Structure formats: structure tokens, C-alpha cells
Amino acid sequence: MASDKGDGLVVGFVGLDDLSLEMAALLIRSGFKLQAFEISEPLVVEFLKLGGIRCASPKEAGKDAVALVVLISHEDQINDVIFGDEGVSKGLQKGTVIILRSTILPSYIQKLEKNLTEDGETAYVVDVYVTKGMSDNDNEKIMITSSGRSNAIVKARPFLSAMCQKLFVFEGEVGAGSKSKLVNELLEGIHVIASVEAISLGTKIGIHPWIVYDIISNAAGNSWVFKNHIPQLLRGNAKVDFLNAFIQNLGTVLDMAKMLTFPLPLLSVAHQQLILGYSHAHGDDDSAPLVKVWEKVFGINITDAANLEPYKPEQLADQFTSTSSAVKRVGFIGLGAMGFGMATHLLKSNFCVVGYDVYRPTQIRFENAGGLIANCPAEVSKDVDVLVIMVTNEGQAETVLYGDFGAVSVLPSGATIILSSTVSPGFVSQLERRLQLEGKDLKLVDAPVSGGVKRASTGELTIMASGTDEALRSAGSVLSALSEKLYIIKGACGAGSGVKMINQLLAGVHIASAAEAMAFGARLGLNTQVLFDIICSSGGTSWMFENRVPHMLDNDYTPHSALDIFVKDLGIVARESSSQKVPLHVSATAHQLFLAGSAAGWGRQDDAGVVKFYETLSGVKVEGKLPILKKEAVLQTLPSEWPLDPIDDIHRLIQNNSKTLVVLDDDPTGTQTVHDIEVLTEWSVESLVEQFEKRPLCFFILTNSRALSSEKASALIKDICRNLCTASKSVENTEYTVVLRGDSTLRGHFPEEADAAVSILGEMDAWIICPFFLQGGRYTIEDVHYVADSDRLVPAGETEFAKDAAFGYKSSNLREWVEEKTVGRIPASSVASISIQLLRKGGPDAVCELLCSLQKGSTCIVNAASERDMAVFAAGMIQAELKGKSFLCRTAASFVSARIGIIWKAPILPKDLGINKERNGGLIVVGSYVPKTTRQVEELKSQCCQILRSIEVSVDKVAMKSLEEREEEISRTAEMVDILLRARKDTLIMTSRELITGKTASESLEINFKVSSALVEIVRRITTRPRYILAKGGITSSDLATQALEAKRAKIVGQALAGVPLWQLGPESRHPGVPYIVFPGNVGDSNALAEVVRSWARPVRLSSTKELLLNAEKGEYAVGAFNVYNMEGVEAVVTAAEEEYSPAILQIHPSALKQGGIPLVACCISAAEQASVPITVHFDHGTSKPELMEALELGFDSVMVDGSHLSFKDNILYTKYISSLAHSKCLLVEAELGRLSGTEDDLTVEDYEAKLTDVNQAQEFIDKTGIDALAVCIGNVHGKYPPSGPNLRLELLQDLHTLCSKNGVIVVLHGASGLSKELVKGCIERGVRKFNVNTEVRKAYMESLSSPKKDLVHVMASAKEAMKAVVAEKMHLFGSAGKAW
């Protein structure tokens, strides 16, 4: 394949012509060697002069050639040239690209491709159609239109690009080049006849042919054929022999249309006209002037008219305007779209203008613009010097002049009427005669206009005026003010309308022929967007083709010029044709097409809508927009992935490739596929040296350049690249590859940043463009970049992202996107492509081969639809780097992880970082404006309304209002956020959702900056350390990290959700170690933001009772369960727990519940939720089903089922029933086996009723009830122990703990009040993990009341302190102090 300067690779030619020689010269300049077989000696001589080698046969021409260009002018040549004994197919090497250059029918080319594929090893066949460019921009450039299967196009592209100056590619089956030639010939044929009709009609009505040519060739009626053919015709240089070849070519087009059952009415008529012309030429010499033929056909002496003395219409205009009369007052009738612009421009030009329109709101609008208004045409016309009439048609002109309250009756003597409506020349002539009969010396200027609404409002119209010298002088100043180009047409009044009529004849035919051509192209199966580009550089182009076909391609028929206008204007042409007895077959057919469109109801739509005539009849669609595809259907059609996972190869290759990947990230979201990588937010040489010394595989530099202007972004990239160069030289053996990580939806500063980088780093072998990003649903397939939306693939150019105010674009095809963004500097045809087929069938070696074959300075796009595709490309790229190739990469995030062999890591949760116990609120800041973000914010607020508080920042106040209002909004927000974070509320700061944009991209960026800087200032003023920070949007997250949080570096821990990076801020930041979630604006579905916030929300409870007790079991300590009765008791336990950093259980006895009710439970639950240490709420001693079932619904974390008063059997049944209900709600269940004596909350168990726990029964009890904790009776009592003290059976406790441990059951001891420290510790040593404490706390409370206090609040405070002291003492005794986590 071709490489830099061709590398001396051989390209063969079979058959030469003049174009072949030019192609050969271009190939030689690119460094290729050439050899050719040709029988024409003069052509061989020229080929040898270029430096080529002559071959004796087609077979020899193909020998050792990497590409072979075969010229076939007729299908009969195929067998000899290709398959003969000395034919091309006999000498080909494997992998040769055959470039078929032919104009034979597509079916022959397709058959030839099939035979070549079957008969030899060559599978790479493309066909090309070679011409010279004909547009102003591409004049005389070699232009190639090629087609072929994608793998063949990839192989052929380097040669095709080298041998032409403009390349168009149709991927698919071969034959598209010939098909595009058919479409171009269709247009040329119609345009030839239309041009002759226009000149003939103009000559007939007395307008000099060269005047028609000069005006139309600079107007909307122009075409390449008109501009280039008519001068030859008028000079007699076009000859009769032109007709025969043209008739044959158009006959081929019509044959193809017949085969496809596709109507071509315009071409059919044009073809018949050409046949008619040729019949009139019968017997003439083929070298006779063609104009004589058309004179016979139309009965008009064009030659004599063309030989009359010409004049300069613009010079005449200068003469009249320079001597024009002063105009004091202008009347204006008809304030429609064009008329309003014209009238208001006259106001701006300091004319006094009084206007009238039948539509009252327009009159009011005109009055607001500074004009005077009248109630009827007559009122407008009083006392005016000049009256301008700009109504729709002849009927309206007649009404405003001669109808009720018409203008003529009141016009002052000597006034001048300027008729600017498009009317027939005959109407104008008749009107002039009628005005003369009025006897008031009324003058008429025929002055139709062209140029559209915008030019009307700026005084830049084209005006074609005719009339008497006196009339023209009196109107000169008004005509001059309204026009950029003013033509004075000699002849009677009506000559101006004659020229306008001719322009409209051509314009109408060109719109209709464009519709016929594009619909035919669609029927041929051509990509209509590519076809449009080809025609614009070919002989079939016209002003209207280039202007109206984009409407067809966009399927947008918003009326810029309504279809019904051409029903009227071509109707005028038809009437004049009949009046002048000039047959106008093509224009009459075009008129019928517009009439058909109007009849179908499309009259008020854009005139480009005439294409619907063809679409409706044939079922084709001209629309050039790429279709929205079904994702799964598309992915299933792709080849199977490369079978081997390249990850191990990448790791091995990386060991041999010492290059560090340096990722310049234009916003922080580029870290969304990596983990355990550092990111720098500043790029001093010292920092870069430090990074290089670590020898990392990769590091990121956060540039945030997407928030900057193009100029600032370029300067920034240059600065970073200079520092990289300096730093790398300071660290021995340091090499690096730069990745410009950009948005996966194609937004950002391309190519500016790439240009800036290479200006410092030097030219690269290639730029790599790779926006694939699986987590964001971004796929590149057949060079088209798609954005997944649910189950659909939407072309990127059709998404909301493409409408970005600063970085908008139109192209979804990445080749075309490169051309669009580089403004044509890098043509789409020159952009190389790595296809999915190559990745999946050729693997890394094929990637390496292609990359090494690229010419230096190339641009190459990468297709990918899976992570495996990305890994295959990365492996191939590393191979190419090891061979000495250098690349600059513009990619999305997936490339980075593939390139350094990152292995996927599950999303990170708070517990993974050990922060799930922190209590302050989390901070969510949303600045992104993309619609996806707005939908995500709406879902977040809807789904998380219970745990989230929202504060909206007014964009209008911070970006558009005064500094005082901006400051007030910032201060208000920061103060509220601080309060909410301290109150442990996750808090959302969001900018108001109305999108405010500037008039220009730079103004939009400035507004974005003001909003972003306001968010920065708000976060900077927040003093509370958030539990975590989530920033939504690239610019927002960058600015907050670098400016508000002052982070200079961070570690990329992983992702909080697929595609959502999670950092931990560096030690120098304002909040070291705080998790920082960088949530891109364009990632995830509508629920994604809510999903992340929910997963990072502070747990409602920091722990469950079961978790508390299991932790105690592991730590061999006990947790106190403290009975509470009021708010003071609750606060005493929680405060003691927080101060002692201890877990605790708030315990409610049935009697306390009876007195305190639901408010007491709610108080406990709320206190537990707000506590900074693990606190749970337990319902103690539930002795009846009703009270326990009620407790299960009140929000307790655990319950005690007390069936100790029942028989063993009934205790089991009772406990089992409640246990099953509690476990369904994930509550811990504690039960008692045996029975304690003593009194608790007025409930007394006598000594004779007490019973120790039986070890043997305990096993059965546990098995049958499924309990989680067992309250044992080992001599412990409720309340006070007897004077002799406790008598605990510690050996029994030991046995019970052994049993419980085997069954995963926790041992609980009631009656801890009054136990000595030694006994408590002994119990803990023997497995007790929960002690119930009641009596001593109650006693402390009661005793505090005995001391008089001044106020109730003092009573409460005293009681709380007394109880807290007891609780704290117990926590130390139980060993739970300091064991909160």
C-alpha cells in the first residue's frame, strides 16, 4: 500500500488517455513507480517522459503492482484485457487493488468484480469515474468518484487520494461512479435545453442575448451549462456534432430509468428536443454552428440578435441614478416578507415612507419601525413622488391601482410608479399604456427584484429595471437605495420583467431538474449527500441545485420561497410562450411538476418540495440525513469480534514500549474509564518531571480547555506541550504519546488543539480520531458516529450535542466531520479509516500494517462497536509505535483504558472508601445544560426528594444582571448550603434550566464562564466539609476541582457508575481525601444521576442491631441497651455514645411505649438517624402478639419476644410466629428462655416463678424459632439484687455461649444494673454481647429531680447530664467505648 512519498511501490496502468497521464504525474509526485500497457504511441511517449515504464501486455503491467488502474471504454474489451492469456488477471499478486476506470453500465462492472473475486485471489476491486472539476473552487482539478466494498475502499484509498485532487467515495457495491455520471448527464441534458429556451425567449421579446447572459450568469438562474455553453452557442463555436453524442448518452440514462421503472419527464422532453434539433440538422455538416439548428427549431434569429451592438446595463444604471430627481415622499403598497424589508430599508435611507398592507399587524409593525401608515392604497398615494408596488401577482397589482380606493385616481401629476412584483412583460406594457391615458403624466418603471428577504432588508437586491428615461431618472434614487446590483434594460417598459421571467424560467427548471436528478440518484441506490457533493463540482450543477438540494437532503420544507411562486412564475413563462409563439417544452413540463405539487397540497411549502412528486410516485427518499438505526439489529450484522483478547498482548507490548501516555483532558470526564491513575490540574515543569520520574503508564493533565475560547485553548495546549518537552528531557529515557481527550459527542476545539500540539511536538505520522465510548453509548460504524438512545443509534449530527452553541456541527460521518471542522483543509476523501471489518478479521497486525502505510501527516478515524474492537486497535497502534511511528490521538475515554490495558473494576461505593459512616451532607453541583442533564436532574429531584434538598442558582442573576445582584445570589446560596450540609442533608445546587446563549460562539462561552465562576465562588465559600462532592458537567467539575477546591492533583479511584469518574482529592486541596464524583453532562440514562446519589446517600441508619452485636462478638465486648422514657433519656444515651465513640441501643419497654406512644418511638428513630455513631432502636419484652405486631410497624430495628411466662412449647410457637414476621422486615429477634425474677417498670416476677435457662432446651428453642439473640437466665434479676448480692451461674453462661456460638446466636444478659465490674467483665469474657441497663439510669434521673432548679430547662439539662454519666460509665465497663466503627 501507499505510504509516505509512495515508498517506491509500483502502480500499473492498463490503457492510457490524457486524464491517465495527469493521474500518473500525481502518483509520481507522491513517490510511486509506474508501469503501463498502451498501444497508442503518442500516449506512451508522454508516459515515458513522466518516468513510467512501458509494458508489453496487460499481464506485465500488473506484475508486482500493488494497484492496477484498468481503463475500459467498452464492455467488449473485458475478456481480452482482464481474462485473456496475457490479461490482467494472469499477473496479479495477492492483495492487489484493481481500480476499474470505466463508463460502462454498472451491471457490467458488478459482474466483472464478481468474476475477478472468483477467478483470482484478488478481492479488492473498486471502480472509478474520473473527470475534471468544473466548479469555481475545483476548476480543472482531477476529480475521482469511486465505489466498492468497504475493505476494498480502505485498501484503495491511498492510491486514489494520491492520483487526484478531489476524491468522492461511495461504499457498497461497485458501479456507483458510473451511476453518478448518469445523474450528472441527466442534469446537463435538461440544462442545455433550458438554456436554449431561455435565450430564444429573451431574443423573441427583444432583449439582447448577451445582456440576458451577463445578468443570468450572475443570478439565481445560472448553471454551469448556461455559463459555459451559451457563450459558445452565441459565438457559433458549438457545433452540430455535439448533439449526436449527447442524444446517445441521455438515451442510456433513459434506458436505465426504464429498467428501474422510474419517471424522468424533464429528461424525456429534453431528449426529444435534442432529437428534434438533430433532425433539423440532417444533411448539415457536423461542424456547422449549433445555433443555426436552434434557430430552425424555435424560428428565432439568435445570431443576428447576438451580433447587435451590446451595452452595459450597470453603466446605464449609474447614469440614471447619478442624475436622478429628488424624492420627498414614497408610497409603498405590499408589506409582505420582501416588501417590509424594502420599505424599512428606505426608512433607514432617510426617505419618508407611507405604507399599506391588507394585513393590519404588519402595518403596526411598520409604524413601530418609523414608517407612516395608511388605510387604503388611495390614502398611501396622496402627495407621493414615487409609489412602489410589491404585491404578489398581476391581479393584486390591478386591484391596488384601479380597484376601489385604488392608487391611480389620487396619484399627483408627474408621479412615478415602480412595479416590483413579478408579472408578465405583456401586463407591464398594457399598464404603461393605461397610465398614459390618465392624462396626468404618470410614469411607470418596470423593476422586478431578486435576492430574498434578508437582502431586501439590507438594500442588497438585484433589480432589473426598464422604462422611459424620464421615469428611470425620477425613480433612480429609490432604485439605488434598494439595490446592490441595478440593471437598466433597454427596450420598452416590460423588458425588466422579461429578464426576470427568463431568470425564473431557468430557476424553476433547475429546481425541478434537481429534484428529478436527486430522486433518480436515490433510486439508483446512491448516497444522496455524496451525490450532491459530486454534482456541485460537476457540469450538472446550478445555483438552484446548490441552494435547494440541501433542503431536500434535510427533508426540511420550511418555505424560504413557496412552491406556489413557481406555479405563478412559470405560468407567466407559459403565457408569454403562447403569446410569442415560442415552444418551451422543458419549462412547460417543469410548470406541470410545480402544478402537481400544488395540487398535492404542497403549494405553501418550500419550492424544493417539488421533489415529493418523485418520492410519492416511486417510493424513494432523497433525504440525505443518516437514518436512526435499531442498535441490536446493527450490532448483530457486524462480523464476530476478533477471537483473542488482546489485553495480555497489550501488557506485553507496553513493557517493550517505554512511552508514557499523557492525556490532555479538555474536561475532567475523560477519566471515566480508568482507575489508579493520577490526574494533575497544573502542569509546571516540576510537576511533570515528578510524574515522568515515576515511570507511569499514563497520567492525565486536566486542561479544561473546552471552557476556553479557541485562541486561549490553543495557547494552553502549546504551553503544556512545551513543558512536556522540557520535562521529558530532564528525565532520562523518557518518551511519551499525547492524547487529546475530547468529548465522545464530538464537541471541543478540533482541529485547533491538534494544530497547537504538532506546532510544538512536530508533525506526526498520523492523527488518530477515535470517539468510541461504550459506557456513554457512542459507536462508530462504517465511519458514522452514533449516539445510543435507549435501543436506537442516532447519528451524532442529529443529536442535541451537535447543536451546541460553541461547538456545533452537522456531519455524522467522521470523515466529513473532519472536513467540516477543518473548513476543507483536510478533505473527507483524504481521511483514512480503520473499519470494524479490519479490526475483527485482521486483528492487531492488520491495524499495524494500515497505520504504518499511512502517508506522514495523515488523519485516520477508527471505527469501533465494542471494547474488544478498541483493544485490538490499541494493540495494533502500540506495534506501530514500536516500529517508530508517532501518533497524536484525539479520542474519547475508551481509547485511553484500552491503550494502557486497564482491567475493568466494579463501581466504587462509599463503603469501599470507608466513608459510609461520615455524617455531613453530600454536595451535588449541576452546571451542565445539555437536555440529558436536565432530564436527569428532574428524575433526581423526583426520586430522591426525601433525602435531598435543592437550591437553584439564577443564571440570569449571575450572568446577565448587575454585580450586586450576582453577589447577592452567590452569598444566599453559599449560606443555605452550609446550613444544610451541617444538618446532614445531601444538597443539590443547580443552575436554573433556561439556556441563555450569546449571539456568537465566543459570547456563549463568556456566559458559560460567568455561570461556572459563580458556582466556583459558591463552593469556595462553603466551609462545611461535605461527605462527598458530585459535579455534573465537564466545565463545572473542572472549575470546582481546580478553583473552588484548590486541588492540584487527585487520584482516579475508579468509577461511581459506568462512565462516571471518581477521584479522591489530593492532600493540598481544601478537603483532602474527599471523594469527588465527576459526572459528565452526556452520560447515562434519565435515572443515572439519581442512581449515583442514592448509592452515595448517607445511610438512614449507620448500622442494624444485628450488625452492632456481631461486631461486638468479633471484638469481644458488649453493647449497652439503655431503656429510655423521654427526650432527656434519648439525648443522654446518644450524647454519651457520641462522646465516647461507642455504639448503643435505645430500648423501649412496653410500659414506656404505652406512656410515650409513637412520638417516643419517632424521637428515638430520629435521634438514631442523626447520630454520628451507630445507634439502633429496640423494643424490649414484648409479651403479647398485638403489642409486638404494632412494634413491627413502628420502625424498630429489633424486638424482644418475651414468652418466658409461657410453657416451653407455647414459648416456641409464640416466638417462632413473631420471628418469621420480624425477619421478613429484616429485624433482629431476641427471645428469653428461662425467666428472670424481679421488677421492671412495675412488672414483677416472684422468685418462685423464676427459672434458669436450660442448655438442652436452648438448642431446640434456637432450632425451632430461628432467633438471632438469646436472653439467658443465669441468676440475673430485673431491678435491684438482694442484699446478699448477685449469684450468677457463670459456668452455665459459658455453656450457653458455646451453644449459641455454634448456631450464630448472640448472648444477651438482662439485669445488668447492680452487677459488679468484675462480674460484668466475667460475663463479657464468657460471651455476653448485650447488656440491658435500666435501673441505674432511672435512679440517676430521679435523683436529679430532688435538687431544686430555677426553670424546667435546667431540670431537663440536669437530668440529661445525670443519666449521661451513668451511660458513659457503662460503655467503658462494657468495653464498647471507642468501638463505634
Side-chain angles (χ1 to χ4, degrees), residues 1118-1157 1159-1161 1163-1164 1167-1168 1171 1173 1175 1177-1181 1236-1245 1276-1288 1309-1321 1323 1330-1377:
V1119 177
F1122 303 95
N1123 283 48
V1124 294
Y1125 300 84
N1126 55 19
M1127 186 179 71
E1128 295 96 298
V1130 173
E1131 286 193 347
V1133 175
V1134 173
T1135 304
E1138 289 182 332
E1139 290 180 359
E1140 303 302 330
Y1141 203 62
S1142 171
I1145 298 172
L1146 295 170
Q1147 192 160 269
I1148 298 178
H1149 192 275
S1151 59
L1153 179 60
K1154 183 178 180 181
Q1155 297 300 321
L1160 176 60
V1161 180
C1163 178
C1164 291
V1173 293
I1175 304 285
V1177 185
H1178 179 74
F1179 181 68
D1180 195 27
H1181 285 292
L1236 270 67
S1237 64
T1239 300
E1240 183 175 22
D1241 290 344
D1242 294 332
L1243 295 175
T1244 300
V1245 176
N1276 46 314
V1277 301
H1278 286 135
K1280 293 181 179 181
Y1281 282 92
S1284 59
N1287 181 23
L1288 300 187
L1309 192 70
H1310 293 201
S1313 296
L1315 293 180
S1316 67
K1317 292 181 181 180
E1318 291 72 19
L1319 274 177
V1320 168
K1321 289 180 179 180
C1323 290
K1330 173 176 177 269
F1331 281 105
N1332 284 13
V1333 180
N1334 185 8
T1335 304
E1336 290 174 81
V1337 176
R1338 285 158 53 102
K1339 179 182 177 185
Y1341 179 79
M1342 297 302 294
E1343 288 177 351
S1344 73
L1345 299 180
S1346 63
S1347 301
K1349 304 293 185 300
K1350 293 182 179 180
D1351 192 270
L1352 180 59
V1353 293
H1354 299 142
V1355 173
M1356 295 171 65
S1358 174
K1360 173 183 168 183
E1361 287 300 317
M1363 289 186 286
K1364 185 181 79 170
V1366 174
V1367 172
E1369 180 187 356
K1370 293 297 182 183
M1371 289 173 173
H1372 281 279
L1373 178 60
F1374 299 156
S1376 64

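As the structure is a prediction and not an experimental result, all values here were calculated from the model.
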Inset, instruction - Using the side-chain contact (heavy atoms from CB on, under 4.5 Å) rule, take E1336 and K1370 through it: C-alpha gap first, then chi angles, then the decisive distance, then the call. - result: CA-CA 10 Å; E1336 290 174 81; K1370 293 297 182 183; 2.7 Å; yes
Legend entry - side-chain hydrogen bond (donor to acceptor under 3.5 Å, both in side chains) involving E1343 - partner list, sequence neighbours excluded: none
Inset, instruction - Apply side-chain contact (heavy atoms from CB on, under 4.5 Å) to T1135 and V1367, showing your working. - result: CA-CA 10 Å; T1135 304; V1367 172; over 6 Å; no
Inset, instruction - Rounded to the nearest 0.5 Å, what's the gap from CD on E1369 to CZ on F1374? Could you check? - result: 9.5 Å
Legend entry - Value rounded to 0.5 Å, distance of CD in Q1155 from CG in L1160: 10.5 Å
Inset, instruction - Output the distance between atom CG (L1153) and atom CG (D1180), rounded to the nearest 0.5 Å. - result: 11.5 Å
Inset, instruction - May I ask you to decide whether E1361 forms a salt bridge with K1364, counting only side-chain N to carboxylate O separations under 4.0 Å? - result: yes
Legend entry - Nearest atoms (heavy-atom pairs only) where A1121 meets Q1147: CB-OE1, 3.2 Å
Inset, instruction - Could you tell me which non-hydrogen atom of V1337 sits nearest to which non-hydrogen atom of V1333, and how far apart they are? - result: CG2-CG1, 3.9 Å
Inset, instruction - Determine whether V1355 and L1345 make a side-chain contact, defined as any pair of heavy atoms from C-beta on separated by less than 4.5 Å. - result: yes
Legend entry - Residue pair M1363 / F1122, side-chain heavy-atom distance below 4.5 Å: no
Legend entry - Pairwise distance CZ(F1331) to CG(L1309) - rounded to 0.5 angstrom: 5.5 Å
Legend entry - Considering all heavy atoms, the nearest S1376-P1143 contact: O-CD, 3.5 Å
Legend entry - Validation row: Y1341, N1126 side chains within 4.5 angstrom (heavy atoms): yes
Legend entry - Partner residues of E1140 under the side-chain hydrogen bond (donor to acceptor under 3.5 Å, both in side chains) criterion, sequence neighbours left out: H1372
Inset, instruction - Specify whether H1181 and H1310 have parallel, tilted or perpendicular ring planes, treating 30° as the upper limit for parallel and 60° as the lower limit for perpendicular. - result: perpendicular
Inset, instruction - Working to the nearest 0.5 Å, report the span between CG of N1123 and NE2 of H1178. - result: 9.0 Å
Inset, instruction - Provide the closest heavy-atom pair for V1366 versus A1340 in the form atom of the first, atom of the second, distance. - result: CG2-CB, 3.7 Å
Legend entry - SG-CD1 distance between C1164 and I1148, expressed to the nearest 0.5 angstrom: 4.0 Å
Inset, instruction - Under the side chain to side chain contact (heavy atoms under 4.5 Å, CB included) rule, collect the residues that match up with A1137, sequence neighbours excluded. - result: A1144, V1173, I1175, M1371
